[in-house]
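Order of the sequence lines fixes the chain letters, A, B, ..., with proteins taken first and strands second; residue numbering starts at 1 for each chain.
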Amino acid sequence: MEKKTHPRLKEFKYTLYRIFRNPSAIIGFTLLIFFTGVAVFAPYIAPPKYAHDPYIMPHKGFSPTPKPPTKEHIFGTTSGQYDIFYGAVWGTRTAFKIGIFVVFFATVIGVSVGVISGYVGGIVDEIIMRIVDIIFAIPTVVLAMAIVVAFGRGLDKVMIALSLVLWRNYVRVMRSGILTLREMDYVQAARVMGVSNIKIMIKHIIPNAIYPVMVMAFMDIGSMVIVAAFMAFLGLGAPRGYADWGQMISLARNYIVGPAEDPLRYWYTIIIPGGCIVLFVLAWNLIGDALRDAFDPKIRRK
Amino acid sequence: MLAFITRRFLFMFVVVFGVSVLIFSILMTFSPERRAAVYVRSPQQAQNLPQLVESLGLNDPFYIQYFRWVKELTHFNLGYSVVAARPVWDAFKSFLPVTLELNLYSVPIMIIVGIWLGTISGIYHDTYIDHITRIFAIIFWSLPTFLFALILLMIFYGYFEVFSPGIISDAYSVYIHDNPDKYTQYTHLLTIDGILNGRFDIAWDAAKHLFLPVVTQVMVIIALLLRVMRSSMIEETSKDYIMTARAKGADKKTINFKHARKNALIPVVTVAGWLAAFSMSGSIEVEVIFTRQGLGWWLANAAIQLDIPVIMAMCMFMGIIIVTANLAVDILYAYIDPRIRLS
């Protein structure tokens, strides 16, 4: 007799099948695996020079003019003679740190507040949602900039500021998910059967309302890396010399135009760290896109 | 309907008030000495910092300082901007036209092109046209605005030497400044003023400086609109009434552009609030890279130099813009969708 698989497991397998049938997911996961490999093996790929803080890019001399790739510096050096290869490799770790930290804390806050809002309802819900409306009235970059200015500069401050802004997005999604699901027949059925409210919430509502949040979270890892890169570019992020793609672009900012006879001479100072950002963000967006297609019940079974 | 608009309108004030309290409390985390340091102009003043704190009332409780700020606000006194070396309100008035001009051109273009591309992508769902637009959308969605702007500058300013950063060439800038009698600044928008004064060369020069910033902003933000329009179009074309129209043998063009697109546009209207937010933050990055001295440039430099009154004022301004955009969306939404209006 055929062994019956648990329906959740069956659905999960089907989800995986849907995800990996999508070419964008395959490209996304390949890129992500590549970046994960670089981040994990960073000490072997680019051995740190300063043992106390491997994130500080080694630099030979202080000359502001970038130098083209050589055998020793395979991607060349940027302004201040920081090694671009080293920065690109260790910058991967910085990007993972930013994306995952920010989105993790924002989802934890956002989902809990959303659950409270949707579950308790009434005046609590009203107050929470009005606060969320107020925070939504200021663009992410601007609010994050204000918080960083108040807290002081630094990579950790940028990450805290972004999580303090981003949670608002998840509250709305989580709450509306809970409100829709609460009226569904299967939830009513469970209620009639005498299942406790908390158990309905934890077993039946939250697991189903969390999917849109997950899709958003994947996409936001990418966009948070972009926002953090812009803040690093402005000089609000990590101190000078820290391996951070946004900062590497800002170091090269004055060299976008080379000497008259060779205007694109310093292309590598912008394109290499910039390319890293684009590919990293692309990976998360492609995965997020595929997840949305796989989770969306409207197109799931078509 | 009127009750709904009134309620939303009143709520708008609540949000703006909330924004001001939120930003004010964030900036209150500065020590009074640091906030007083903004006003210091000479070494003597630096020595009298405690007295300065006292005279400005920076040690007062939160609500007293907040109400003092609101009181000053009613007189359009928003403080002094160190970055602009002018009072905030004066600086705001001179920076506003630059940002306005950028968005005046970029927003309509991105709406029209975004909706058009989204419609095409939705109609030819899963064909190569759709795949190309989707790839385009996801790549631009992953591209930081400031990086794209830098690359454009590198190619068009560095290599081709056609477009340059800034707002207008120095010669024209001097001319406008020196000849207030010959050149009237009606709107302070350079392209429009140029035409109104009959100086097409000035308008053309300003337009050339606008080209790359507008392209940057359009390309990056279009991805959002395109995505929403595409999925809304796909959903609409798979509905029963479209199937009926097809079965009747109605003209394909009529079905797609008259029936489907009109209904598919409804969800797109809701992203207008987002669009306002994205244009605002997009303007910051664009203006920083292209050194256009507008509101975004001002805010970014204020954040770097801890120019607190500017951050406060700009957050209020953006809050008002976004809340107004959302209010407009709600009204428009009810206007275009009779189902909402009549229920």
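The two residues B:V323 and A:A137 have their closest heavy-atom pair at CG2-CB, 3.8 Å. The heavy-atom pair separating A:A150 from B:T29 by the smallest distance is CB-OG1, 3.2 Å. Closest of all the heavy-atom pairs between B:A303 and A:R153 is O-NH2, 4.2 Å. The two residues A:A146 and B:I26 come nearest to each other via the heavy atoms O-CG2, 3.8 Å. B:G158 and A:P263 make their closest contact through O-CB, 3.2 Å (heavy atoms, listed as atom of the first residue, atom of the second, distance). Contact detail for A:R253 and B:I289: the closest heavy-atom pair is NH2-CA, 4.1 Å.
Both the backbone and the side chain of B:M318 come within less than 4.5 Å of a heavy atom of chain A. Only the side chain of A:M219 comes within contact range of chain B, with heavy atoms under 4.5 Å apart. For chain B, the nearby parts of A:L286 are the backbone and the side chain; heavy atoms of each come within less than 4.5 Å. A:L234 touches chain B through backbone and side chain together, each having a heavy atom under 4.5 Å away. When heavy atoms are compared at a cutoff of 4.5 Å, A:W284 does not approach chain B at all. With a threshold of 4.5 angstrom between heavy atoms, B:I23 approaches chain A through side-chain atoms but not through N, CA, C or O. Heavy-atom distances place no part of A:D262 under 4.5 Å from chain B, backbone and side chain included. Both the backbone and the side chain of B:V19 come within contact range of chain A, judged by heavy atoms closer than 4.5 Å. Looking at A:F136, both its backbone and its side chain come within 4.5 Å of chain B, counting heavy atoms on both sides. In this structure, chain A has a heavy atom under 4.5 Å from the side chain of B:L22, while its backbone stays farther away. Only the side chain of B:I151 comes within contact range of chain A, with at least one heavy atom under 4.5 Å from a heavy atom of that chain.
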### Message
Show, in sequence, the C-alpha distance, side-chain angles and deciding distance for B:V288 and A:F233, and conclude whether the side chain to side chain contact (heavy atoms under 4.5 Å, CB included) test is met.
### Response
CA-CA 10 Å; B:V288 166; A:F233 178 82; 4.2 Å; yes
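Of the listed residues (B:E161, B:R227, B:M312), the greatest number of heavy-atom pairs within a distance under 4.5 Å of chain A belongs to B:R227. Interface check for chain B: of the options A:I271, A:V278, A:V148, the most heavy-atom pairs under 4.5 Å are formed by A:V278. For the options B:F278, B:F148, B:Y159, heavy-atom pairs under 4.5 Å to chain A are most numerous at B:Y159. Per-residue counts of heavy-atom pairs under 4.5 Å with chain A were compared for B:I138, B:V15, B:I320; the largest is that of B:I138. For the set A:I138, A:L143, A:V141, A:T140, the count of heavy-atom pairs under 4.5 angstrom toward chain B peaks at A:I138. In terms of heavy-atom pairs under 4.5 angstrom with chain B, the leader among A:A229, A:G235, A:G222 is A:A229. Note on A:I277, A:V257, A:V149: by heavy-atom pairs under 4.5 Å with chain B, the leading option is A:V149.
Atoms CZ and CE, on B:F146 and A:M231 in that order, are 12.0 Å from each other to the nearest 0.5 Å. With rounding to the nearest 0.5 angstrom, the CD1 atom of A:I226 is 7.5 Å from the CG atom of B:L143. We find the CG-OG1 distance between B:L150 and A:T269 to be 9.5 Å, quoted to the nearest 0.5 Å. Atoms CZ and OG1, from A:F230 and B:T145 in turn, are 8.5 Å apart once rounded to the nearest 0.5 Å.
For the pair A:R130 and B:F11, the cation-pi test (distance below 6.0 Å, angle within 45°) is passed.
Within 6.0 Å of the OH atom in B:Y157, the count of heavy atoms belonging to other residues, nucleotides or ligands does not exceed 12. Annotation for A:Y211: atom OH does not count as buried by contact number, only 12 or fewer foreign heavy atoms lying within 6.0 Å. Heavy atoms from other residues, nucleotides or ligands lying under 6.0 Å from CZ of B:F62 number more than 12. Within 6.0 Å of CZ in B:F24 there are more than 12 heavy atoms belonging to other residues, nucleotides or ligands. Residue B:L10 places its CG atom among more than 12 non-hydrogen atoms of other residues, nucleotides or ligands, all under 6.0 Å distant.
Within residues 242-250 of chain A, the residues having any heavy atom less than 4.5 Å from a heavy atom of chain B are, in residue-number order, A:I249.
Proximity of B:M154 to A:I270: side-chain heavy atoms (C-beta onward) are separated by under 4.5 Å at one or more points. Counting only heavy atoms from C-beta outward, the side chains of B:I311 and A:M145 never approach each other to under 4.5 Å.
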